[in-house]
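All remarks here apply to the structure that follows.
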Amino acid sequence: MQIGPYRIEPRVVLAPMAGVTDKPFRLLCKRMGAGLAVSEMTISDPRFWNTPKSLRRMDHVGEPDPVSVQIAGTEPRLLAEAARYNVDHGAQIVDINMGCPAKKVCNAWAGSALMRDEALVGRILEAVVGAVDVPVTLKIRTGWDADHRNAPAIARIAQEAGIQALTVHGRTRDQHYTGQAEYGTIARIKADVSMPVIANGDIDSPQRAAQVLRDTGADAVMIGRAAQGRPWIFGEVAHYLATGQLLPPPGVGQVRDILLAHLQALHGFYGEEQGVRIARKHLGWYAKDRAENAAFRAVVNRAQTAQEQLALTAAYFDALEAGVPAALHAAA
């Protein structure tokens with residue numbers, strides 16, 4: 001898949017997820033096989049660009065090319081300014097969010113709420129494309145609700161405005177993340193436009209990724225929630241698409257080493273106190289399908305220092321590897 005001058009290979013993309021796809025997680029997923037990792041949403045209002053949260057979100061030092069940054073907002077002029085600002089701070093691809101279903105985003109007529117006003121969509125896309133000399137991409141849903149699946153119309157507007165790749169989540173805004181994603185709308189869009197189309201929604205295995213690509217004709221798949229606690233899914237999908245063979249799941253020792261490196265990256269990026277706190281959700285995701293998950297969370301969530309968190313995590317996975325997870329109860 002080609003986006004402007006950038007070859008996206010393998011054609012497996014990490015979805016932008018607020019509070020998840022920070023720099024440490026993006027770097028990890030790229031190392032694990034993601035062909036592209038899109039940043040968390042950056043608000044278009046310049047009043048918030050110099051907050052600690054925004055400055056961290058705009059930190060792309062050391063990220064491998066291409067750096068894709070997602071922006072969100074509702075006013076064409078502000079979104080154009082946000083695009084220019086992010087390009088000046090390292091963005092090589094600018095992605096516009098019209099897919100987020102969150103109330104606090106949609107109540108401001110941003111995210112997927114924008115799909116209700118096709119004329120405004122056109123003005124936004126033209127303003128952003130005209131503001132920067134890097135590729136601009138767009139993420140949408142199939143529509144606002146079941147009676148208004150206007151994604152094909154939005155896709156045509158996007159192509160006319162110069163958007164260079166389109167991601168479609170196979171749900172309407174009112175579905176949020178419930179029910180099952182449908183891919184028929186994505187297939188319709190792919191048949192109707194010439195730009196690359198990326199399929200998103202419920203892609204949680206190599207087999208599902210291959211099936212979605214076959215059924216939709218899409219150029220790539222985007223993975224979001226399935227990568228939480230499982231960043232190696234990108235390598236698994238890429239290997240399956242290339243060979244038709246499934247990789248064996250990583251062993252407990254491999255998962256331990258991946259997680260410990262992730263924790264250290266979080267501690268280094270956010271500082272110890274905030275890094276320890278942010279790491280807790282990742283720890284829960286990594287352990288969610290493993291033995292003694294509840295006991296592990298009860299213990300590790302008490303850790304107040306990076307050293308404690310690393311030591312408790314290593315002990316948990318060492319016990320699992322040795323076949324004695326009950327040893328965790330002693331720590332509790």
Q | ring-ring contact (aromatic ring centres under 6.0 Å, His included) against Phe269, all qualifying residues, sequence neighbours excluded | A | none

Q.
Rounded to the nearest 0.5 Å, what separates atom CE in Met98 from atom CZ in Arg116?
A. 14.5 Å

Q) Counting heavy atoms not belonging to Glu118, are there more than 12 under 6.0 Å from its CD? A) yes

Q.
Could you check whether any side-chain heavy atom of Val255 comes within less than 4.5 Å of a side-chain heavy atom of Arg290, counting everything from C-beta outward?
A. yes

Q) Side-chain contact, heavy-atom cut-off 4.5 Å: Ile3 with Thr137? A) yes

Q. Are the side chains of Val69 and His60 in touch, meaning some heavy atoms are under 4.5 Å apart?
A. yes

(Q) Using only atom types and a distance under 3.5 Å, with no angle test, would you say the side chain of Gln309 pairs donor to acceptor with the backbone of Val276? (A) yes

Q. Considering the options Leu120, Val136, Ile154, Ile96, which one meets the side chain to side chain contact (heavy atoms under 4.5 Å, CB included) requirement together with Leu125?
A. Ile96

Q. Any link between Val121 and Leu79 through a network of hydrophobic side chains (Ile, Leu, Val, Met, Phe, Trp, Tyr) touching at under 4.5 Å?
A. yes

Q: Using modelled atom types only, decide if a donor and an acceptor are shared between the side chain of Glu75 and the backbone of Arg77 within a distance under 3.5 Å.
A: no

Q) What closest approach, in Å, do Glu63 and Asp59 show between heavy atoms, and which atom pair accounts for it? A) OE2-O, 3.7 Å

**Q.** Option from Val94, Ile8, Asp95 for which side chain to side chain contact (heavy atoms under 4.5 Å, CB included) with Ser68 holds
**A.** Asp95

Q. Closest approach of Tyr286 and Gly229, non-hydrogen atoms and distance?
A. CD2-O, 3.6 Å

Q: With sequence neighbours left out, write down each residue that passes ring-ring contact (aromatic ring centres under 6.0 Å, His included) with His267, or none if nothing qualifies.
A: none

Q. Which word best sums up how the rings of His282 and His262 line up, parallel for under 30°, tilted for 30 to 60°, or perpendicular for over 60°?
A. perpendicular

Q. Given the rule that I, L, V, M, F, W and Y join up when any side-chain heavy atoms are under 4.5 Å apart, are Leu78 and Met41 in one cluster?
A. no

Q: Check for a donor-acceptor pair, side chain of Lys139 on one end and backbone N or O of Val168 on the other, with a separation under 3.5 Å.
A: no

Please list, one pair per line, the donor and acceptor atoms closer than 3.5 Å that link side chains of residues 242-251 to other protein atoms, with sequence neighbours excluded.
| residue | atom | partner | partner atom | Å |
| --- | --- | --- | --- | --- |
| Thr243 | OG1 | His239 | O | 2.7 |
| Thr243 | OG1 | His239 | NE2 | 3.4 |
| Thr243 | OG1 | Gln245 | N | 3.0 |

**Q.** Arg302 CZ to Arg297 CZ distance, which is reported to the nearest 0.5 Å
**A.** 14.0 Å

Q. Hey, quick one: are Ile93 and Leu27 part of the same hydrophobic cluster, counting side-chain heavy atoms closer than 4.5 Å, chains of contacts allowed?
A. no

Q. Going by distance alone, is a donor N or O of one side chain under 3.5 Å from an acceptor N or O of the other, for Arg26 and Thr21?
A. no

Q | Cluster check Val134, Leu36: I/L/V/M/F/W/Y, side chain < 4.5 angstrom | A | no

Q.
Rounded at 0.5 Å granularity, tell me how far CG in Leu114 sits from CZ in Arg123.
A. 10.5 Å

Q | Donor-acceptor contact below 3.5 Å, side chain Asn97 vs main chain Gln70 | A | no

**Q.** Least distance between heavy atoms, Pro5 atom then Pro135 atom
**A.** CD-CG, 3.8 Å

**Q.** Over all atoms of both residues, closest heavy-atom pair of Met32 and Pro231
**A.** CB-O, 3.3 Å

Q) So do Ile71 and Asn86 actually touch side chain to side chain, heavy atoms under 4.5 Å? A) yes

Q.
For the backbone of Ala153 and the side chain of Asn150, can you confirm whether one donor and one acceptor N or O come within less than 3.5 Å of each other?
A. no

(Q) Would a single hydrophobic cluster contain both Val38 and Met195, if residues Ile, Leu, Val, Met, Phe, Trp and Tyr are joined by side-chain heavy-atom contacts under 4.5 Å? (A) no

**Q.** Note, Val129 side chain near Ile163 side chain (heavy atom, < 4.5 Å)
**A.** yes

Q) Would Arg156 and Asp192 satisfy side-chain contact (heavy atoms from CB on, under 4.5 Å), going step by step from the backbone distance to the final call? A) CA-CA 8 Å; Arg156 289 190 290 272; Asp192 197 36; 2.8 Å; yes

Q: Give, for atom OG of Ser205 and atom CD1 of Ile233, the distance between the pair rounded to the nearest 0.5 Å.
A: 7.0 Å

(Q) I want to check something: taking the side chain as every heavy atom from C-beta on, are Met17 and Gln228 in contact at a cut-off of under 4.5 Å? (A) yes

(Q) Return the CD1 to CZ distance between Ile186 and Arg188, rounded to the nearest 0.5 Å. (A) 12.0 Å

**Q.** Given Asn200, Thr142, Thr185, the one that forms side chain to side chain donor-acceptor pair (under 3.5 Å) with His169
**A.** Asn200

Q) Can you check whether Leu283 reaches Phe296 side chain to side chain, under 4.5 Å on heavy atoms? A) yes

(Q) How close do Leu263 and Ala279 get, counting heavy atoms only, and between which atoms? (A) CD2-CB, 3.5 Å

Q: Determine, stepwise, if the pair Val20 / Trp285 fulfils side-chain contact (heavy atoms from CB on, under 4.5 Å).
A: CA-CA 11 Å; Val20 180; Trp285 290 328; 3.8 Å; yes

(Q) Can you confirm whether Leu259 sits close enough to Thr313 that some side-chain heavy atom of one is under 4.5 Å from a side-chain heavy atom of the other? (A) yes

Q. For the atom pair CD (Glu308) and CD (Glu272), what is the distance rounded to the nearest 0.5 Å?
A. 9.0 Å

Q. Can any side-chain N or O of Lys281 pair as donor or acceptor with the backbone N or O of Gly19 at less than 3.5 Å?
A. yes

Q) Any salt bridge between Arg230 and Glu236, counting N to O under 4.0 Å? A) yes

**Q.** Arg256 bridged to Glu321 by N-O distance under 4.0 Å
**A.** yes

Q.
So which atom in Pro10 and which in Gly33 form the shortest heavy-atom distance, rounded to 0.1 Å?
A. CG-O, 3.0 Å

Could you tabulate the donor-acceptor pairs under 3.5 Å formed by side-chain atoms of residues 206-221, not counting sequence neighbours?
| residue | atom | partner | partner atom | Å |
| --- | --- | --- | --- | --- |
| Arg208 | NH1 | Tyr183 | OH | 3.4 |
| Arg208 | NH1 | Asp202 | O | 3.1 |
| Gln211 | NE2 | Asp215 | OD2 | 3.4 |
| Thr216 | OG1 | Val212 | O | 2.7 |
| Thr216 | OG1 | Ala218 | N | 3.0 |
| Asp219 | OD1 | Lys190 | NZ | 3.4 |
| Asp219 | OD2 | Lys190 | NZ | 2.8 |
| Asp219 | OD2 | Val197 | N | 2.8 |

Q | Sequence neighbours excluded, every pair satisfying side-chain hydrogen bond (donor to acceptor under 3.5 Å, both in side chains) that has a member inside residues 3-19 | A | none

Q) What pairs with Trp232 under ring-ring contact (aromatic ring centres under 6.0 Å, His included), at least two apart in sequence or on another chain? A) none

Q: Look only at the side chain of Lys23 and the backbone of Val61, and say whether a donor-acceptor pair between them is shorter than 3.5 Å.
A: yes

